[in-house]
Amino acid sequence: MAPDTVSLRYFLVLAQELNFTRAAARIGIAQPALSARIRRLETELGTALLVRNTRSVVLTTAGAALAESAPPALAALDRAWDTARSAAAGELGTLRIGYSLSTGAETAPALGAG
């Protein structure tokens with residue numbers, strides 16, 4: 001199963017900051033919650049994304065690959081959600097109006113002006 005997008009977005013912030021405290025502050029969550037989320041993401045993917053010690057955080061090869069490939073994937077997913085919302089709001093699609101010649105010169109211009 002694919003990881004949830006929130007965890008992936010959190011990982012991307014951490015990949016930019018390379019510091020759990022700063023990343024958690026930027027996201028607006030507690031540092032232990034971010035650590036737990038990243039551990040869960042690593043478990044779901046079956047690989048380490050980071051090398052951590054008391055002084056630094058470094059991306060693994062897998063972490064660097066994910067940090068590079070995830071943003072376009074998330075952007076495509078965001079566009080898909082936006083498209084679905086637009087469709088649900090009736091903002092997508094084509095409206096076709098048919099009329100017969102008997103509607104004549106009075107009705108057709110009125111339809112187009114509305």
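Because only heavy atoms are used, hydrogens play no part in the values below, and waters and symmetry mates are left out as well, while side chains stay in. Just so it is clear, the structure is predicted and the values come from calculations on it, not from any experiment.
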Original post:
What pair of heavy atoms forms the shortest contact from L34 to I27, and how long is it?
Top reply: CD1-CD1, 4.0 Å
**OP:** Identify the two heavy atoms, one from I38 and one from F11, that lie closest to each other, and give their separation to 0.1 Å.
**Re:**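 Shortest heavy-atom separation between I38 and F11 comes out as CD1-CA, 3.7 Å.
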**OP:** Output every pair passing side chain to side chain donor-acceptor pair (under 3.5 Å) with a member in residues 66-77, not counting sequence neighbours, ordered by first then second residue.
**Re:**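 Qualifying pairs: none.
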Subject >> For R22, salt bridge (charged side-chain N to carboxylate O under 4.0 Å, His left out) partners two or more places apart >> reply: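 Applying salt bridge (charged side-chain N to carboxylate O under 4.0 Å, His left out) to R22 gives E17.
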According to side-chain contact (heavy atoms from CB on, under 4.5 Å), who are the partners of [X], at least two apart in sequence or on a separate chain?
X	value
L12	A67, A70, P71, L74
A36	R39
S56	N53, V58
S86	E91, L92

Original post:
Is there a path from I29 to V57 through hydrophobic residues (I, L, V, M, F, W, Y) whose side chains come within less than 4.5 Å of each other?
Top reply: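 Same hydrophobic cluster.
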Subject >> V51 with L18, same ILVMFWY side-chain cluster at under 4.5 Å >> reply: no
Original post:
In the hydrophobic clustering that connects Ile, Leu, Val, Met, Phe, Trp and Tyr at side-chain heavy-atom distances below 4.5 Å, which members other than L77 occupy its cluster, ordered by chain and number?
Top reply: W81
Original post:
Hey, are R40 and D4 close enough for a salt bridge, meaning a charged N less than 4.0 Å from a carboxylate O?
Top reply: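 Salt bridge: no.
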Original post:
Is there a side-chain contact (heavy atoms from CB on, under 4.5 Å) between L66 and L8 once you walk through the steps?
Top reply: CA-CA 9 Å; L66 184 60; L8 193 50; 3.8 Å; yes
**OP:** Taking T60 for its side chain and A48 for its backbone only, find out whether a donor-acceptor pair lies under 3.5 Å.
**Re:** yes
**OP:** Can you tell me which residue pairs pass the salt bridge (charged side-chain N to carboxylate O under 4.0 Å, His left out) test with a partner in residues 72-89, sequence neighbours excluded?
**Re:** R9-D78, D82-R85
**OP:** Could you grab the distance from atom CG of L59 to atom CG of L49, nearest 0.5 Å is fine?
**Re:** 8.0 Å
Residues two or more places apart in sequence or in another chain: which of them pass side-chain hydrogen bond (donor to acceptor under 3.5 Å, both in side chains) with [X]?
X	result
T21	none
N19	none
Q16	R26
R52	E42

Original post:
Can you find a heavy atom in the side chain of Y10 that is under 4.5 Å from one in the side chain of L41?
Top reply: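 No. Closest side-chain heavy atoms not under 4.5 Å.
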